[in-house]
Undergrad: 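First the structure, which I've put down as structure tokens, then a few questions once you've had a look.
In what follows, chains are A, B, ... by sequence order, proteins preceding strands, each numbered from 1.
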Protein chains: 2
Amino acid sequence: MPANPETTRRSLCPINAFVEIFGDRWSLLIVRDLMMRGYTTYTQLGSGEERIATNILAEKLDRLVAAGVIERAPDPEDGRRVCYRLTEKGIDLAPVIAAIARWSLGHEPNRTPRRLVERIRKQPEAFVAELRRRWAERSTDPLLPLPKA
Amino acid sequence: MPANPETTRRSLCPINAFVEIFGDRWSLLIVRDLMMRGYTTYTQLGSGEERIATNILAEKLDRLVAAGVIERAPDPEDGRRVCYRLTEKGIDLAPVIAAIARWSLGHEPNRTPRRLVERIRKQPEAFVAELRRRWAERSTDPLLPLPKA
DNA sequence: CCGGATCCGTTTCGATACTG
DNA sequence: CAGTATCGAAACGGATCCGG
């Protein structure tokens with residue numbers, strides 16, 4: 001993956017852009033944690049269940065910022081701290097996340113919150129709007145139940 | 001990625017299963033080529049626009065077969081040749097592909113077939129049913145216009 | 001020719017240790 | 001707390017080789 005953004009290869013199929021951003025094991029999980037779990041800080045994102053290494057997390061966050069999917073911002077409660085927030089582009093990934101979750105649910109025996117996934121699938125616009133509102137309000141309540149530690 | 005399937009880590013969130021299969025730069029593109037372009041053979045899949053190396057292609061095909069997303073079958077027209085086909089599990093990825101394509105279309109200036117993507121989004125069940133039927137008929141007509149060579 | 005397998009140099013990943 | 005530095009392991013990419 002070239003660091004130079006000029007080296008963008010011609011992407012004839014619309015899936016390429018997605019794969020160039022999310023074609024690794026972590027980027028999509030980071031977006032999920034931001035979107036569904038209300039994680040916002042480096043430490044929270046690093047302490048998720050999947051135990052991403054700190055250097056990888058830092059690099060992935062940089063890449064996601066460069067891709068315009070998330071943004072770095074001062075924490076509203078403590079200006080010294082940094083927090084990461086989904087951009088509009090990132091929020092618009094909700095239907096993708098929902099479709100993936102639904103596929104996984106259908107093919108992997110797993111007890112997981114079907115209700116939320118179905119809601120996103122049936123009314124994606126309404127869910128994205130809600131997500132945007134929650135995000136504007138800086139609500140960090142998780143949409144998914146957090147795994148118990 | 002451990003070769004040993006026993007080493008499956010507990011996947012609390014339904015996205016993990018997807019990422020473990022498609023968390024690389026090629027697997028999803030291979031599924032797209034099978035689903036949307038009517039590619040079925042090793043040579044066709046290797047000659048796509050993205051120029052995957054032959055060893056990587058072979059490994060990814062093995063992994064996708066092991067994951068139950070595609071299957072190896074004798075070519076119906078020439079029994080000596082091999083062809084790859086989506087399984088039910090693979091066909092069910094259509095809504096995921098559509099959601100990804102739609103997201104990319106909305107955020108990357110690209111002239112691409114909106115019509116198909118919107119159809120999948122609005123009537124995913126109908127599209128999956130059609131895909132299944134085409135697949136049963138062994139029709140290899142591409143759903144997407146092929147990039148000119 | 002088709003469907004890979006093997007070898008090898010390069011790039012990326014991942015765990016741990018460390019720093020301002 | 002929010003990252004860097006380091007270093008071994010794994011993945012990638014190109015070229016070549018091989019059995020049918």
Undergrad: How long is the line joining CD1 of Ile56(A) and P of dA9(D), in whole Å?
TA: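 These atoms are roughly 16 Å apart.
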Undergrad: Given dG4(C), dG14(C), dC12(D), identify the nucleotide with an atom nearest to the side chain of Arg25(A).
TA: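 The answer is dG14(C).
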Undergrad: Looking at Arg133(B), I'd like to know if its CZ atom is crowded, meaning that more than 12 non-hydrogen atoms belonging to other residues, nucleotides or ligands lie closer than 6.0 Å.
TA: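 Yes, CZ of Arg133(B) has more than 12 neighbouring heavy atoms, counting only those of other groups under 6.0 Å.
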Undergrad: Salt bridge between Glu20(A) and Arg25(B), side-chain N to carboxylate O under 4.0 Å?
TA: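 Answer for the salt bridge query: no.
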Undergrad: Not counting sequence neighbours, which residues clear salt bridge (charged side-chain N to carboxylate O under 4.0 Å, His left out) with Arg132(B)? List them please.
TA: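 For Arg132(B) the salt bridge (charged side-chain N to carboxylate O under 4.0 Å, His left out) partners, ignoring immediate neighbours, are Glu88(B), Asp92(B).
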Undergrad: From CG of Leu57(A) over to C1' of dC1(D), roughly how many Å is that when rounded to an integer?
TA: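 Rounded to the whole Å, the gap is 12 Å.
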Undergrad: If you assign each of Thr43(A) and Ala53(B) to its closest nucleotide in DNA chain D, which residue comes earlier from the 5' end?
TA: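 By nearest-heavy-atom nucleotide position, the 5'-most residue is Thr43(A).
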Undergrad: Taking NZ from Lys60(A) and C1' from dC13(C), how many angstroms apart are they, rounded to a whole number?
TA: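 Between C1' of dC13(C) and NZ of Lys60(A): 8 Å.
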Undergrad: Under 4.0 Å between a side-chain N/O of Arg81(A) and OP1 or OP2 of dA2(D), yes or no?
TA: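 Yes, such a contact exists.
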Undergrad: Round to the nearest Å and state the distance from Arg63(B) atom CZ to dA10(D) atom P.
TA: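 That distance rounds to 14 Å.
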Undergrad: For Asp24(A) and dG14(C), give me the distance from atom CG to atom C1', rounded to whole Å.
TA: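 One finds 13 Å between C1' of dG14(C) and CG of Asp24(A), rounded.
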Undergrad: Please enumerate all residues that pass side-chain contact (heavy atoms from CB on, under 4.5 Å) together with Thr87(A), with sequence neighbours excluded.
TA: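 Partners of Thr87(A) under the side-chain contact (heavy atoms from CB on, under 4.5 Å) test: Glu71(A), Lys89(A).
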Undergrad: Of the nucleotides dG13(D), dG3(C), dG3(D), which one has an atom closest to the side chain of Tyr84(A)?
TA: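 The answer is dG3(D), which lies nearest to the side chain.
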Undergrad: Quick one: Arg72(B) CZ to dC2(C) P, roughly how many Å, whole number?
TA: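 About 17 Å, once rounded to whole Å.
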Undergrad: Who passes salt bridge (charged side-chain N to carboxylate O under 4.0 Å, His left out) against Asp62(B), sequence neighbours left out?
TA: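 Here the qualifying residues are Arg72(B).
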Undergrad: Can you measure Trp26(B) atom CH2 to dC12(D) atom P for me and round it to whole angstrom units?
TA: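 For the pair Trp26(B) CH2 and dC12(D) P, the rounded distance is 10 Å.
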Undergrad: What pairs of nitrogen or oxygen atoms, one from the protein and one from nucleotides 5-7 of chain C, lie under 3.5 Å apart?
TA:
| unit_1 | atom_1 | unit_2 | atom_2 | d |
| --- | --- | --- | --- | --- |
| dA5(C) | N6 | Thr54(B) | OG1 | 3.0 |

Undergrad: Ala67(B): which residues meet the side-chain contact (heavy atoms from CB on, under 4.5 Å) condition with it, sequence neighbours left out?
TA: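 Here the qualifying residues are Ile21(B), Val69(B).
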Undergrad: Find the distance Ile30(B):CD1 to dC12(D):C1' and express it as a whole number of Å.
TA: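 After rounding, the reported distance stands at 13 Å.
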Undergrad: Tell me, please, which residues at least two apart from Ala53(A) pass side-chain contact (heavy atoms from CB on, under 4.5 Å).
TA: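 Listed in chain order: Asn55(A), Ile56(A).
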